[in-house]
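For ligands, and for the atoms within them, numbers begin at 1 and follow the listed sequence. Note that the coordinates shown come from a computational prediction; the quantities given were computed from them, not determined experimentally.
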Amino acid sequence: MTDLPSTMRAVVLKHDGYSGTMTGPTITDASEWLVDAELPVPTPGPGQVLIRLRTASVNPSDIHFIKGEYGQPRVKGTAAGFEGCGHVVATGKGAEGLQGLRVAFVAAGSGAWAEYVVTQMQMCIPLRPDISDDDGAAQIVNPLTAMAMVDIANEDGDAFVVSAATSQLGKLMCSLGRDLGLKPIAMVRRAETAPMLKELGAAEVLVTTDPDVARQFAELSAKLKPRVFLDAVMDPLSEQIFCAMPNRARWICYGKLGSDAPTLTQTGQLIFMGKRIEGFWLTNWMMTTPPADQMRVVTEVQARFADGRWKTDVSERLTLGDLISNLADALKTSDGKVMITP
Ligand SMILES: NC(=O)c1ccc[n+]([C@@H]2O[C@H](COP(=O)([O-])OP(=O)(O)OC[C@H]3O[C@@H](n4cnc5c(N)ncnc54)[C@H](OP(=O)(O)O)[C@@H]3O)[C@@H](O)[C@H]2O)c1
């Protein structure tokens with residue numbers, strides 16, 4: 001580590017623990033949650049690597065996390081950010097094989113919104129040279145989730161429902177579903193995004209702001225019989241969609257973009273129709289899926305980005321230095337990820 005600086009720029013958490021709120025992945029002022037800091041460059045322990053950041057992405061989970069609304073507690077003064085890509089510049093015992101490689105990573109030792117990041121070697125994926133830094137910085141969280149959830153959809157019938165389909169993850173799932181011969185039913189808020197979703201692979205697109213959407217969905221459900229609902233919104237409309245699905249349908253909740261809480265108005269749906277409400281969290285998938293299966297998925301993900309079947313749409317680019325002042329505004333732009341460079 002001799003040629004490395006002793007300190008680095010980082011954007012760190014202002015609060016500890018959980019907040020007890022669930023107000024969604026939006027903020028009006030990032031300085032409520034984050035502060036700039038100069039931290040010591042971390043040292044990788046056994047099985048860990050030190051990565052010099054090239055690009056980090058901003059996911060909804062990052063925003064839930066800084067607000068204390070995510071599945072793990074905050075530690076005040078540590079760097080924020082879960083995902084990015086960069087070069088391995090130092091390794092701990094057992095991780096020497098990654099030295100010098102450009103990797104996609106999930107931060108599991110220190111946060112990604114910093115010039116240097118420590119993480120476990122298992123949280124790194126060496127990147128093919130034909131993968132761009134933008135795709136590399138968004139190579140794990142959404143693509144692996146898309147592969148895992150479309151696998152679930154593929155278990156039962158050919159139609160499945162995707163809410164918040166204009167999200168990066170929703171787009172990946174629509175195109176993967178189409179490629180597998182499935183029929184994704186995309187739910188979007190903005191009618192103008194329907195042609196884009198159809199082109200990407202949605203068999204049908206419904207606009208949730210249309211007052212008639214529940215009836216339109218019921219008609220479509222009777223025809224296509226979707227049995228899996230991949231839902232990142234989880235609001236009262238979600239329950240109406242679930243109730244209009246056929247028996248044995250599964251409502252798989254994996255995000256909370258909607259601000260209103262869903263209600264449960266028809267308990268008979270669970271008792272008499274054999275329907276299920278479940279959750280999906282990539283962290284659990286990574287802990288329970290055998291390494292060989294994960295490797296197959298990772299290889300397919302990189303192939304899809306390399307040949308252009310998938311791409312990461314970028315809406316805004318920020319640096320660590322202007323992140324706090326510009327993040328709230330940058331997140332208002334739909335249709336892509338906010339990317340951060342050092
Ligand atoms: N459980 C897991 O393991 C896991 C893993 C990865 C991602 N996720 C979740 O997956 C979701 C999508 O992530 P992403 O990174 O793909 O998001 P993203 O690209 O940042 O896109 C979010 C998009 O969702 C749409 N949206 C926001 N609020 C909405 C609402 N109330 N109703 C409908 N649409 C809404 C917006 O598009 P429009 O303005 O066009 O509507 C927004 O651009 C997030 O909830 C995230 O937390 C979960």
- Message: Heavy atom to atom 11 (C) of ligand 1, shortest distance: which of Cys253, Gly255, Ala232 holds it?
- Response: Ala232
- Task: Provide the number and element of each atom of ligand 1 under 4.0 Å from a heavy atom of Asn59.
- Result: 15 (O)
- Query: To which protein heavy atom is atom 19 (O) of ligand 1 closest, and what is the distance rounded to 0.1 Å?
  - Reply: Gln168 N, 2.9 Å
- Query: Do any nitrogen or oxygen atoms of Arg189 come within less than 3.5 Å of a nitrogen or oxygen of ligand 1?
  - Reply: yes
- Query: Roughly how far apart are Leu4 CG and Tyr116 OH, rounded to 0.5 Å?
  - Reply: 5.0 Å
- Looking only at non-hydrogen atoms, the one of Ser57, Gly336, Ser167 nearest atom 12 (C) of ligand 1 is Ser167
- Task: Could you please spell out the steps behind the side-chain contact (heavy atoms from CB on, under 4.5 Å) verdict for Gln139 and Gln302?
- Result: CA-CA 8 Å; Gln139 187 75 189; Gln302 287 213 45; 3.2 Å; yes
- Query: For the residue pair Phe105 and Phe82, is the inter-centroid distance of their aromatic rings smaller than 6.0 Å?
  - Reply: no
- Item | Proximal candidate to atom 14 (P) of ligand 1 [heavy atom criterion; set Leu197, Val233, Asn142] | Asn142
- Query: What's the shortest distance from atom 43 (O) of ligand 1 to any protein heavy atom, and which residue and atom give it?
  - Reply: Ser334 OG, 3.8 Å
- Looking at ligand 1, does Thr193 have a heavy atom less than 4.0 Å from it? no
- Task: Return a yes/no value for Thr283: is any of its N or O atoms, backbone included, closer than 3.5 angstrom to an N or O of ligand 1?
- Result: no
- Message: So if I count the atoms of ligand 1 from 1 in the order they appear, which ones are less than 4.0 Å from some heavy atom of Thr145?
- Response: 5 (C), 6 (C)
- Of all the heavy atoms in Lys171, does at least one lie under 4.0 Å from an atom in ligand 1? no
- Smallest heavy-atom separation, Leu13 atom then Arg74 atom, equals CD1-CB, 4.0 Å
- Query: Please state which protein non-hydrogen atom is closest to atom 37 (O) of ligand 1 and give its distance, to 0.1 Å?
  - Reply: Thr166 OG1, 3.0 Å
- Query: What do you reckon, does Arg190 have a nitrogen or oxygen under 3.5 Å from a nitrogen or oxygen of ligand 1?
  - Reply: yes
- Message: Are there over 12 heavy-atom neighbours, none belonging to Met22, within less than 6.0 Å of that residue's CE?
- Response: yes
- Polar proximity ligand 1 side, Leu282 side, N/O cut 3.5 Å exclusive: yes
- Measure the distance from atom 18 (P) of ligand 1 to every protein heavy atom, then report the residue, atom name and distance (to 0.1 Å) of the closest one. Lys337 NZ, 3.6 Å
- Lys311 to Phe305, cation-pi by 6.0 Å centre distance and 45° axis angle: no
- Query: With Ser110, which of Val41, Leu50, Val117 fulfils side-chain contact (heavy atoms from CB on, under 4.5 Å)?
  - Reply: Val117
- Query: Within 4.0 Å of atom 9 (C) of ligand 1 (strictly less), any protein heavy atom?
  - Reply: yes
- Message: Give me the nearest non-hydrogen protein atom to atom 24 (O) of ligand 1 as residue plus atom name, then the distance to 0.1 Å.
- Response: Leu257 CD1, 3.6 Å
- Yes or no on side-chain hydrogen bond (donor to acceptor under 3.5 Å, both in side chains) for Ser19 and Thr21, after CA distance, side-chain angles and deciding distance? CA-CA 5 Å; Ser19 61; Thr21 62; 2.9 Å; yes
- Check side chain to side chain contact (heavy atoms under 4.5 Å, CB included) between Asp158 and all other residues, then give those that pass, not counting sequence neighbours. Leu182, Lys183
- May I ask you to decide if the ring planes of Tyr70 and Trp281 are parallel, tilted or perpendicular, using 30° and 60° as cut-offs? perpendicular
- Enumerate the atoms of ligand 1 whose separation from the nearest heavy atom of Gly258 is less than 4.0 angstrom. 31 (N)
- Using a 4.0 Å heavy-atom threshold (strictly under), name the region of Met187 that reaches ligand 1: side chain, backbone, both or neither. neither
- Task: Compute the shortest N/O to N/O distance between Asp335 and ligand 1 and return yes if it is under 3.5 Å, no if not.
- Result: no
- Task: Identify, for atom 16 (O) of ligand 1, the protein heavy atom at the shortest distance, and state residue, atom and that distance.
- Result: Leu169 N, 2.8 Å
- Which heavy-atom pair separates Ile51 from Cys124 by the least distance, and what is that distance? CD1-SG, 4.0 Å
- Message: So for ligand 1, is Pro60 a polar contact partner (N or O within less than 3.5 Å, distance only)?
- Response: no
- Numbered in order shown, the ligand 1 atoms found under 4.0 Å of a heavy atom of Ala164 are 34 (N)
- Task: Please write down residue, atom name and distance for the protein heavy atom closest to atom 48 (C) of ligand 1.
- Result: Tyr254 O, 3.1 Å
